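A short write-up of the structure that comes next.
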Amino acid sequence: MRYRKVMSRRTLLRGAGTVAIGLPFLDEMRSRSVWAAEPEPPARAFNLFFGLGIPKQIQAEGLTGPLSPLAAVADKLAILRGVNLYECDGSANNHFDGSGGTFTGVEPTTVSHAGGPSLDQAVLNAKYPKGPDTLIRTLMMGSFFRRKLDNDLSLTRFVHCWKEDGSAVDVPIETPNALFDRVFGELEGGADPGDLKAKHYERSVLDSVLDQYTHYTGAASPLGAASRSKVADHLDKVRELEKKLFPEDLLCDVPGAPGMLPLLHGQDVDGGGGGPVLDLDEWVTYWQSMCRLYAMAVQCDATRFGMIMFQSAGERIQLRGPWDYNGEAIVFDDENDSVGSGGSHEYWHGFNPSNANQEMRWHTHFILSQLVYFLQLLDDPDYADENGQTILDNALITIGTELGNGNAHDLESVFHAVSGANGRIRTGEIFDLDASSTELYTTLLSAMDIDRVLGTASAFGGLLDQILV
Amino acid sequence: MGRAQGWILTVLGGASMLGAGCYSGAGEADGLPPAGADSGESGADSEGEGDSDGDPPEGQCEGSGAVVRRLTTLEYAHTVFDTLGVDIAADAEARLPADLRSDGFSNQISGLLVSFSHVEAYRDLAKLIVAQLPDLPGLVDAHTSCTDFADGCESSFIEGLGARVWRRPLAADEVASLRPIFTAAHDEGDDFVTAAGLVLEAMLQAPQFVYRLEDELPGSGAPGELRVLGDYEIASRLSYLLWSTSPDDVLFDAARAGELHTAQQIEAQVDRMLASPRAKDTALRYIDDWLALGGLPQLNRSPELYPEFSEALARDMREETLRVAEELLWEREAPLIDLLTADFTWASPALASLYGIESPGEGWQRYSLDDVPHRQGILTHAGVQAINGHGDQPSLVERGLFILGGVLCSSVAAPPAELDTTMSELETGRSPRYYSEARLDNATCNACHGQFDPMGWAFEPFDGIGAWHDQDIEGNELREDGWLVIPGSAESVPFDTVEEFSELLAQSEHVAECIGVRNPLQFAMGRPLGSADACAEQEIALSAAEGGGSYQALVRAIATHPSFQTIRSDD
C-alpha cells in the first residue's frame, strides 16, 4: 500500500557500501507517521527508449531469441509490431527522424527540435494543467554516449521529453550521482532550518524571484508563446528549488548516495570513431544503479513523468565481456571484431535477413534485458498503489526506439511496447498493427481519457481499438 | 593586463563560448522606422525615450521567430562584471552547466536550455556576487539618498539599481514586488544595506537579468504583429552584439535621452564600440565557435599513433587559428573569406614542428606560408583538420560534411528510403579514398556521398591531428585532388591540391555569403536563419559588401538594418 508520507526529511539512512540503494520502508517509521491515503493512482507516463531498433524479421520471431528478456514482463506489456513512423520521415537522416518521431508522431523540425510534444508531456499537460504536485515535474535519465552530429549536439538523438512547442524539456541526467543529487540530494547552500532569520530571507528572496517568473509566464506577459514556454521551464525549476528549500510533503526514506562508479560519461568519453570500449559488467552496474534511483524517485512520488533511455539513437559502442544469451555463454568482443570495432551499430548496418546476424542478436538481447530490469523495479509489490497494483501496472510506460531495419534505416515497424495503464490496455498480447505512430500515441492518450490527436493529423485514420480493453 | 586581454585568454583557456546579441524581426524594406516610434517597453515610464510618433514600420523584410535568449555563461559573467564590478567568471564556469553546442554554435536558442542545475547555480552565484561586491554601502548610496525603511527610500533604491541590473527602467509593479524583501529585513531587525543585498540577490536570479528580455507583443498586445523596440532594448542588442555584455554608461545615457533609435545614432555607437578590444574579443569568439575549436583541448588521440599530441599542442592549434583571424579580421579588416587563403600563419615551436617549419625554438612566431607545402588558409590549420576528423583515423566524410555545412551553408538530404547500405566485399587495408570512391560507384550511396565526399578528399593526407602525410600507415598513397560542387549548381569544379580547393572556395560568391554573412548572422541572432529572414539577410549582405565585406562592415550592416529595431513573435 502506498501513501504519501509526511515525515522528517532528515531521517536519512546512509548506505555503507558504494552502491547502497533501495532501502525498504521501516515499519517503525511507518507507525510514527501521518498518512494521507490516495483514492486512486496518480496519472504517470514515462517514455522508455532504446537505440538502434529491432528489424521486423527479428520481431516476427516473438519473445524468443533476442526478444526473450521481454518474456519476464510479457503479461504486463502489450507488444506492438507494425508501428510505422512514415509520417516522421523528413529531410534528415532517419536516425534523427525516427528518434525525434518516436513518442511524438511528428517529423522533427531540426536535429535538435521535435515537431511537437512527447507522449509523457501530453499526458502531463492534460492531467495536470497547473503542473503535477511532485518535487520534479519531469525526470529524464539515460545511459548513452552518442550525442552529436558533426561537432554539434543533436538533441533528437538523446532527448525524449518534448514540450508542446517541440523544444526539449531538458537533457537527460546520465550519472548515478547526478541523479541522486537531483532527487534526493539536500541542497547545498540552503539556509539551516534552525536559522529562522536566514530561512525568512531565503523565503523572501525566493518569493520575489517566483513573482518575476510568474509575471512573464502569465496573462500579462509581454512575451509571445514560444518565449513564455521557455520562461515557464525556468519557473518550474524555481518551484522545484522552492520545494527543496521548503519541503512540505516530504519524500520517503532517502537512500544512501551512490559511490563513484567507474564508467565515464558525457564529454569525457570520445564518441568518435567506433565509440567507447565498454566493459559489460561495469556498464550494467552503472545502468542498474541509475534504474534503481529512478524507480525510487517514482516510488517516492518525486516524479510522475519523464524518460528512461538505454543507448541513444545511432549509438556506437564496442562492448566486451561475457553474457548469457538464453543459456548460451557468449563473449562480446566488438573491439576485435572487424565489424564491431566500427561501433556496435555496424551490426545493424549489416543486417541481412538471410544471415545469422549473431552479434546484432546478442546486442538486442542485452539491451532488452536492461530495459526489463528497469520495468521489474517498477513492478515491485512493496510499492504497490492503493488499488493493489504495481506502478508498472498503473502507469503508462511506452517503450520505443528509433528505426525499423537498421540496414535500410527505414521507419517501418519500429518496435513499441506499452504497459497496461491501470487496466486500460490489453497486456499479455502481441499485436501486429500496421498503424502509424500517430494512431498509436493517440490511442494511448485516449486510453488515459485524453481526447487529442498526438502526432501528424494526416496520418491518423482512427483509434487502435484492438489494443484497448 | 587589461580585462579585454583577459577575455582573449579566457577564450584560449577553454572557457565556454559567448554569443553576440542581435535581433529577430523585421523592419521597413526601404527605410528606417519613424523617429520616436513607440517604445512600448514594459516598465518604461520613460524619460524622453522617444515619443510614439507613428505606426510601427511594416515592410517587405519581415522576420519572425522571436524567442527569448538566456545569457550564455560568458555573457552572464561579463554582465555581472560590467554591472557590479564582481569577477564571477570562474565560479560561473564551475557552477553553471556548459552551454550546449547546437545548430552549429554554442549560443543558439535550441541549446540554451535551463536545467535545475542552472537554477541552483543562479541562486548560489547571486549570493556569491553580493558577498563579493566591492562596496555594497556605496552601491546603496549611489541609488538612494535615504536609508530608512520607507517607501521613498526603498523604491528609489530598487528603481535605481534595478534600471542597471535589469537593463531598463522598472515598472511600478516590479518595484512593488521587491519591496517585501525590505519588510523582511526590517522585521528581522537588520539594516537597509542588508536588505539591499537581498534585493540584489533576487534581481540577479530574475528573468529580467538572466534572459535578454524584449517585449514581443506590441502595445495592442496582439500576437504576431510587428513591434518597434525601445531605446533600452536597442542598447542591449548593441551591447550583446558587439561586446557580449550589458550596455555601458554611454549606451544607457543615450537610451535615457531617447537618442538611440535612428540609423545615425546607432551607427555612431557601433563605430565607438568597434574601436574597443571587446569587439575584437567577440569577433574571435565567433570564429572559435564557428570552427568548433573549443573541442580541441578535450580531443582524445591515441598516444601510440600520435606521440607528439598533447593538450598543450591542441591549445596551440586553437591559438593559431585565432591569431590568424585576429590579424586578418581586426588589424587588416579583411573580408571573412580571406581566412580561406591566408598566406601566413602564427605558430608555437611545437606547432611549427608539426608543420615542418623551422622555428627559432621559443615563443610564437609569424610565418609566411609561401614556401610551406600544403598549408594555406584556415582549412589547412591543424586544429581545423583535427576537430573535423572525428577519431584517430580521420573521416573524410566528416571533413567533407564540415565544408558542406560550415563553408557552403548547405546540408545533405536524407538517404533514400529502403536504402541498402551493404556494399560488396572490398579489399581491406586500402586508403580512405578507395572506400569513398567505391561508395560513389554505387548509385544510391552516391546520391548523398557525392555531395561531400569529393570535397573531403582534399584533406585525406591530414592525419587525426592535422599533420600531413604522403602515405598512410598501410603504405597507401594519399591524394588531395577532388572536386567542388557549389550547392544549386550542376557543375563540378575539379581541383588538384588542397590549396587550389581553398582558392576555389574563396572565389565563390556562395561561399562568401555563407562565411561572410550567413554564419555570423546566425551567431548574432542566436538561431538558424529561416525563409522569413531571407529578405533582411540579402539587404544586410549587400550593405556589408558595400562596406568592404569585413566583420566590422557586417556588424554595421546588421545593427543599422531596420530589422534590428523590430521584433515579432511567431504567435
Side-chain angles (χ1 to χ4, degrees), chain A residues 89-94 97 110 112-113 136 148 150-155 167-168 170-171 182 187-189 197 200-201 203-209 211-213 215-216 222-227 230-231 233-234 237-238 240-241 267-268 270 272-274 338 349-350 352 407-411, chain B residues 42 66-68 100-104 110-111 113-116 118-120 123-124 127 174 177-178 180-181 184-185 187-188 198 201-202 205-208 211 213 215-217 223 292 295 298 300 387-388 390-393 398 401-402 405 413-415 417-422 528 569-571:
Chain A
D89 196 354
S91 58
N93 180 299
N94 276 351
D97 284 339
T110 72
S112 283
H113 199 285
I136 299 168
K148 287 186 178 177
D150 304 327
N151 280 311
D152 289 355
L153 291 172
S154 162
L155 298 183
S167 61
D170 204 339
V171 292
R182 179 74 188 277
L187 273 180
E188 289 178 15
K197 179 162 87 170
H200 186 187
Y201 287 162
R203 177 85 258 174
S204 187
V205 168
L206 189 61
D207 281 347
S208 180
V209 173
D211 275 350
Q212 315 308 329
Y213 283 97
H215 168 72
Y216 274 96
L223 301 178
S227 297
K230 282 220 166 268
V231 179
D233 280 347
H234 199 132
K237 310 301 195 310
V238 180
E240 184 179 329
L241 179 71
Q267 302 301 323
D268 290 334
D270 184 358
S338 64
H349 270 173
N352 185 328
N407 179 291
H409 277 69
D410 69 29
L411 298 175
Chain B
S42 64
V67 180
V68 71
L100 304 180
R101 232 192 121 77
S102 170
D103 290 329
S110 57
L113 306 178
V114 168
S115 66
F116 181 71
H118 283 93
V119 169
E120 273 188 296
R123 182 188 66 115
D124 295 343
K127 288 176 178 293
E174 288 177 316
S177 72
L178 287 160
I181 297 176
D187 290 347
E188 293 291 344
L198 293 168
E201 249 186 69
Q205 299 174 67
Q208 296 92 324
Y211 290 86
L213 287 176
D215 287 0
E216 296 171 8
L217 304 180
Q298 289 88 34
N300 288 327
I387 205 72
N388 287 300
H390 292 271
D392 287 331
Q393 308 300 337
E398 293 290 346
L401 284 170
F402 161 65
E418 313 238 329
L419 173 67
D420 177 3
T421 59
T422 53
S569 70
D570 248 350
D571 292 1

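Given the structure is predicted, the values throughout are model-derived calculations rather than measurements. Numbered from 1 within each chain, the chains take letters A, B, ... in sequence-line order.
- Residue A:S167 does not touch chain B at all, counting heavy-atom pairs closer than 4.5 Å.
- Here the shortest heavy-atom pairing between A:L155 and B:S110 reads CD1-O, 3.6 Å.
- Taking CG from A:D152 and CZ from B:R101, the interatomic distance works out to 4.5 Å, rounded to the nearest 0.5 Å.
- Closest approach of A:D170 and B:F116 over heavy atoms only: OD2-N, 4.3 Å.
- At a threshold of 4.5 Å between non-hydrogen side-chain atoms, the residues A:E240 and B:V119 do not count as touching.
- The two residues A:L223 and B:L217 make their nearest non-hydrogen contact at O-CD1, 3.7 Å.
- Listed here is the closest heavy atom pair of B:V114 and A:K237: O-NZ, 3.3 Å.
- No other option in B:D187, B:L213, B:L178 has as many heavy-atom pairs under 4.5 Å with chain A as B:L213.
- Residues B:I181 and A:V205 share a closest heavy-atom pair of CD1-CA, 4.2 Å.
- Residue with the most contacts toward chain A among B:Q393, B:Q205, B:E201: B:Q205 (heavy-atom pairs, distance under 4.5 Å).
- Listed here is the closest heavy atom pair of B:V68 and A:S227: N-OG, 2.8 Å.
- The NE2 atom of A:H234 sits 9.5 Å away from atom OG of B:S115, with the distance rounded to the nearest 0.5 Å.
- Taking A:K197, A:K230, A:R182 one by one and counting their heavy-atom pairs under 4.5 Å with chain B, the maximum is reached by A:K197.
- With a threshold of 4.5 angstrom between heavy atoms, A:H113 does not approach chain B through any atom at all.
- By number of non-hydrogen pairs under 4.5 angstrom with chain A, the leading residue of B:A292, B:P207, B:A185 is B:P207.
- Contact annotation for B:I387: both backbone and side-chain heavy atoms come within less than 4.5 Å of a heavy atom of chain A.
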